[in-house]
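Right, one structure below, let's go through it.
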Amino acid sequence: MDRGITRDYVSSMPLDDVRPGDCYAHARRLLAEVGSVRAELGRGEDTRAVAEVADARPRDCYFEALATWSKVDRLAREVGAPPARAAQPIPALRDLRPGHVLQLITAMLEQVDSIKAQLRITETAAVPAVEAARQPSDVLATLIRINREVSRALDCPFTASDVYRTVALASAYATRLGAPAGPAPFTRGRKPQHCYERLLTCHALVSALIAKHGEPPVAIRSTPPDVVPGDVYDLASVVLGELALLHSLTPTAVALHAFEPNASGHRLPAHVEQLTRTLEAQLAALS
């Protein structure tokens, strides 16, 4: 079967028939396409080893892909590519499956196609053969690599201010679960690595809370080398997604609002690290 990446192909494939191997094959094509854009823009490849991941679930891949979508959208605006057609609506988080991940990868491929057209890139990467043995952890590792490649292509990479807005929303979700936010002390001189390590703790805490509702735990990650704000943004997006899922699993939780107050202004890694410690304390209080 020709598994070329087209919206018609994905829409015609029953959602329940999509397997991690399908997601992995199309994610590999997305990685190649993003790499060609990055090279055309004259940027070097991110050669860092991918942090170890294990026991990933489709929702972990989906939340990582949402972070990718934000970066691809920024890249499209930077190069003047036309807006992409809307991605599939976000499904009920407790029902996330490989098919939903594939839908999001498909939407990103279409946006990357418009970026390539704007840059007059005519070469097209083929979809690799589907490997049935691939697991969500393989998909997640590939999405992490894609995120890094898009970050390298951006004129304005994601910064501590972008991360802060995401963690602030996660803290607001934790507050709605009954854990008021008491600001942690401010510590100067923090680096993205400190923020990432704190978010790993937050990730473990919220995963444990979700497990109490019968949902399996998600991926175990390690800290990547030479952490940059884009890495922190990716993990913050996953933590935010997990908190949104926890809301849907908690009968007494206050409903999430469609619009949340958005933290603004310039932020340092120290501000992000302070907020991650605040979130960590909130999650610990909920445990």
Side-chain angles (χ1 to χ4, degrees), residues 5-7 10 23-48 50-51 61-88 90 101-127 139-166 169 192 196 224 226-238 240-241 262 264 266-267 272:
I5 183 69
T6 65
R7 184 175 290 269
V10 173
C23 300
Y24 180 76
H26 291 88
R28 292 291 299 178
R29 185 198 166 199
L30 179 58
L31 176 62
E33 297 285 30
V34 167
S36 70
V37 170
R38 187 258 310 148
E40 188 71 20
L41 292 170
R43 312 289 165 73
E45 181 181 2
D46 189 323
T47 58
R48 295 175 297 160
V50 172
C61 298
Y62 191 85
F63 297 149
E64 182 79 24
L66 286 175
T68 315
W69 173 265
S70 297
K71 293 180 181 180
V72 170
D73 180 65
R74 179 176 292 189
L75 180 59
R77 284 185 276 116
E78 285 185 353
V79 303
R85 287 189 287 175
Q88 294 285 340
I90 295 177
V101 179
L102 182 57
Q103 288 175 341
L104 193 48
I105 291 172
T106 303
M108 287 189 286
L109 273 160
E110 291 196 350
Q111 181 67 302
V112 171
D113 282 343
S114 71
I115 293 170
K116 288 172 56 187
Q118 184 71 11
L119 298 175
R120 300 187 180 182
I121 300 173
T122 58
E123 299 81 7
T124 300
V127 180
V139 180
L140 178 58
T142 304
L143 287 167
I144 292 171
R145 290 187 62 194
I146 293 167
N147 264 316
R148 292 181 179 181
E149 288 290 275
V150 181
S151 292
R152 293 284 293 176
L154 288 169
D155 287 334
C156 297
F158 278 56
T159 66
S161 298
D162 296 300
V163 181
Y164 191 92
R165 284 190 288 270
T166 302
L169 186 52
Y196 195 96
D226 302 320
V227 178
V228 298
D231 301 323
V232 187
Y233 178 82
D234 298 344
L235 183 55
S237 297
V238 173
L240 176 61
N262 201 7
S264 60
H266 180 264
R267 302 290 177 173
V272 176

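Residues satisfying the salt bridge (Lys or Arg N to Asp or Glu O under 4.0 Å) test with Arg38, not counting sequence neighbours, are Glu149. With sequence neighbours excluded, the residues that form a side chain to side chain donor-acceptor pair (under 3.5 Å) with Asn147 are Glu64, Thr68. Listed by chain and residue number, nothing satisfies the ring-ring contact (aromatic ring centres under 6.0 Å, His included) test with Phe63 (two or more places apart in sequence, or in another chain). Considering only residues two or more places apart in sequence or on other chains, Ala125 meets the side chain to side chain contact (heavy atoms under 4.5 Å, CB included) condition with Arg29, Ala32, Glu33. For Tyr196, the ring-ring contact (aromatic ring centres under 6.0 Å, His included) test picks out no residue, with sequence neighbours left out. Judged as a side chain to side chain donor-acceptor pair (under 3.5 Å), and not counting sequence neighbours, the contacts of Arg48 are Asp46, Asp231. Residues satisfying the side chain to side chain contact (heavy atoms under 4.5 Å, CB included) test with Glu78, not counting sequence neighbours, are Arg74, Leu75, Leu154, Asp155, Cys156. Not counting sequence neighbours, the partners of Ser237 by the side chain to side chain contact (heavy atoms under 4.5 Å, CB included) test are Ala67, Thr166, Tyr233. Judged as a side chain to side chain donor-acceptor pair (under 3.5 Å), and not counting sequence neighbours, Arg28 has no contacts.
Rounding to the nearest 0.5 Å gives a distance of 5.5 Å between CG of Leu119 and CG of Leu41. To the nearest 0.5 Å, atom CG of residue Leu102 and atom SG of residue Cys61 are 11.5 Å apart. Between the CE atom of Met108 and the CG atom of Asp73 there is a distance of 11.5 Å, given to the nearest 0.5 Å. Rounding to the nearest 0.5 Å gives a distance of 5.5 Å between OH of Tyr62 and CG of Leu104. The CD1 atom of Ile115 sits 10.5 Å away from atom CZ of Arg77, with the distance rounded to the nearest 0.5 Å. The OG1 atom of Thr142 lies 7.0 Å from the CG atom of Leu31; values are rounded to the nearest 0.5 Å.
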Working note: Lys71 + Asp234, criterion side-chain contact (heavy atoms from CB on, under 4.5 Å); need CA distance, chi angles, decisive distance, verdict.
CA-CA 10 Å; Lys71 293 180 181 180; Asp234 298 344; 2.9 Å; yes
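The nearest pair of heavy atoms linking Ser36 to Ile121 is O-CD1, 4.0 Å. When all heavy atoms of Ser161 and Arg267 are compared, the pair lying nearest together is OG-N, 3.0 Å.
A side-chain N or O of Ser114 and one of Gln111 form a donor-acceptor pair less than 3.5 Å apart.
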